[in-house]
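Heavy atoms only: backbone and side chains are in, while hydrogens, waters and symmetry mates are out.
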Amino acid sequence: MKTLMSKMSAAVLALAAAASAFAQDVPALLKAADKYRMGAENMQVETQISVFNADGSPDKERLYTVFAQARHQSLVLMQSPAEKGQKVLMLGDDFWLLMPNSQRPLRITPMQKLLGDASTGDIATMSWADDYGGTLAGEEPCGEPTQACIHLSLNASRKGVTYQRIELWLGKVRHEPVKADLYVQSDKLAKQARFVMDKPSTPTSAPTLVTTMLLRDQLTNKKETQVRYLGRKEKSVPEAWLNPMFLARNPVLE
């Protein structure tokens, strides 16, 4: 009996140790996944958002320049003629919308829609490692074609995020993002995301960046929104650009 109890205790301790190791691995996994989305701490990302109806026909399209900066700071410049001059500024948990003919910044939420099912937070915040903590749910097949994936269950670690909970699947070998279920504060499944990687430059090389995020609405219209990253480069913006009052007084940035 003592031998059996000893074996059971050892098994419990091993499981506990494994669970602890998994928990410690989650931040490293998220940092690895973030590199496929950003590439550096301060970036300029040219972004195209396209909306497609349920039957696959195109609906609308918009262009944005996103300056994603360190310390939870981002500036989004709207570039399409219908929105030209509008800006969105994110400083930590605070979001502002700036209109070209107004000197008063408007407070908005990260769930504010840009186009289709892409919200402000979808393109202004790009760091899972900074915004979420969680646990390793296990390993399971996912993606198209089916591949071995690591399943992470994530919960928001600060209030100014678009989604309170994310079920995220990463490739087991390279830890690239494959797909995600995105839940809002009411714990309803709002969107499902799939991530498209770039084409390897040679038959033996691996993908390096996410080129497209595909968002499928799960609450209302079932449309698909494509968020395409047309170009990325390292860019640190002037400190003044991250001040809502400066942006309101200076509609043209140079």
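Formation of a donor-acceptor pair under 3.5 Å by the Ser50 side chain with backbone atoms of Gln226 is not found in this model. In this structure a side-chain-to-backbone donor-acceptor pair under 3.5 Å is missing from Thr120 to Pro110. The main-chain N or O of Leu214 is never found under 3.5 Å from a side-chain atom of Glu224 such that the two would form a donor-acceptor pair. Judged purely by atom type and a 3.5 angstrom limit, Glu167 has no side-chain atom pairing as donor or acceptor with the backbone of Lys179. Judged purely by atom type and a 3.5 angstrom limit, Arg158 uses its side chain to pair as donor or acceptor with the backbone of Gly92. Of the possible donor and acceptor atoms, one in the side chain of Ser102 sits under 3.5 Å from a partner among the backbone N and O of Arg104. Listed for the Lys87 side chain is a donor-acceptor partner under 3.5 Å among the backbone atoms of Pro251. Side chain of Asn53 to backbone of Asp55: no donor-acceptor contact under 3.5 angstrom is found. Side chain of Asn42 to main chain of Ala70: a donor-acceptor pair is present (N/O by atom type, distance under 3.5 Å, no hydrogens or angles). Distance alone, capped at 3.5 Å, is enough to place a donor-acceptor pair between the Asp198 side chain and the Thr208 backbone.
The shortest side-chain heavy-atom distance between Met43 and Glu234 falls under the 4.5 Å cut-off. Between Val237 and Leu253, every side-chain heavy-atom pair lies at or beyond the 4.5 Å cut-off. Two residues are said to be in side-chain contact when any heavy atoms from C-beta on lie closer than 4.5 Å; Glu176 and Val210 fail this criterion. Side-chain contact check for Trp96 versus Leu91: some heavy-atom pair is nearer than 4.5 Å.
Ion pair Lys31/Asp34 not flagged as a salt bridge, since none of the NZ, NE, NH1 or NH2 atoms sits closer than 4.0 Å to an Asp/Glu carboxylate oxygen. A salt bridge does not link Glu61 to Arg228: none of the charged side-chain nitrogens sits closer than 4.0 Å to a carboxylate oxygen.
Leu98 approaches Pro244 most closely through the heavy-atom pair CD2-O, 3.3 Å. Minimum heavy-atom separation, Ala33 to Pro177: O-CD, 4.0 Å. In plain terms, the two heavy atoms of Gln185 and Gln164 that are nearest each other are CA-CG, 3.4 Å. Nearest heavy-atom pair, Gln69 versus Ser74, reported as atom, atom and distance to 0.1 Å: N-OG, 4.2 Å. The shortest non-hydrogen separation linking Val227 to Ala118 is CG2-CB, 4.1 Å. When all heavy atoms are compared, the tightest approach of Gly134 to Val26 is O-CG2, 3.7 Å.
The one candidate from Lys188, Lys191, Gln192 that meets the side chain to side chain donor-acceptor pair (under 3.5 Å) condition with Gln218 is Gln192. Residue Phe195 is tested with Tyr229, Trp128, Tyr36, Trp169 for a ring-ring contact (aromatic ring centres under 6.0 Å, His included); the sole match is Trp128. No option in Leu77, Leu230, Ile49, Thr47 other than Leu230 meets the side chain to side chain contact (heavy atoms under 4.5 Å, CB included) test with Leu63. Between Leu89 and the choices Val76, Leu97, Leu75, the side chain to side chain contact (heavy atoms under 4.5 Å, CB included) rule is met once, by Leu75.
Rounding to the nearest 0.5 Å places CG of Asp181 at 7.5 Å from NE2 of His151. Distance check, rounded to the nearest 0.5 Å: CG of Leu168 to CG of Leu152 gives 5.5 Å. Atoms CZ and CD, from Arg62 and Gln86 in turn, are 9.5 Å apart once rounded to the nearest 0.5 Å. For the atom pair Gln48 CD and Thr212 OG1, the distance stands at 9.0 Å (nearest 0.5 Å). In this structure, CG on Leu189 lies 9.5 Å from CG on Asp217, to the nearest 0.5 angstrom. Atoms CE and CD1, on Met90 and Ile123 in that order, are 11.0 Å from each other to the nearest 0.5 Å.
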Can you list the steps and then say if Gln79 with Thr65 is a side-chain hydrogen bond (donor to acceptor under 3.5 Å, both in side chains)?
CA-CA 7 Å; Gln79 303 290 16; Thr65 298; 2.8 Å; yes
Would you check, one step at a time, whether the test side-chain contact (heavy atoms from CB on, under 4.5 Å) holds for Asp25 with Ile150?
CA-CA 11 Å; Asp25 284 343; Ile150 299 170; over 6 Å; no
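The cluster map of Ile, Leu, Val, Met, Phe, Trp and Tyr, joined by side-chain heavy atoms under 4.5 Å apart, puts Val196 and Phe52 in different clusters. If you chain together hydrophobic residues whose side chains sit under 4.5 Å apart, Leu29 and Val178 never meet in one group. No continuous path of hydrophobic side-chain contacts links Met213 to Tyr183 [ILVMFWY only; heavy atoms under 4.5 Å].
Judged by distance alone, the side chains of Ser127 and Asp131 never bring a donor and an acceptor atom under 3.5 Å apart. Side-chain atoms of Tyr163 and Asp122 include a donor-acceptor pair closer than 3.5 Å.
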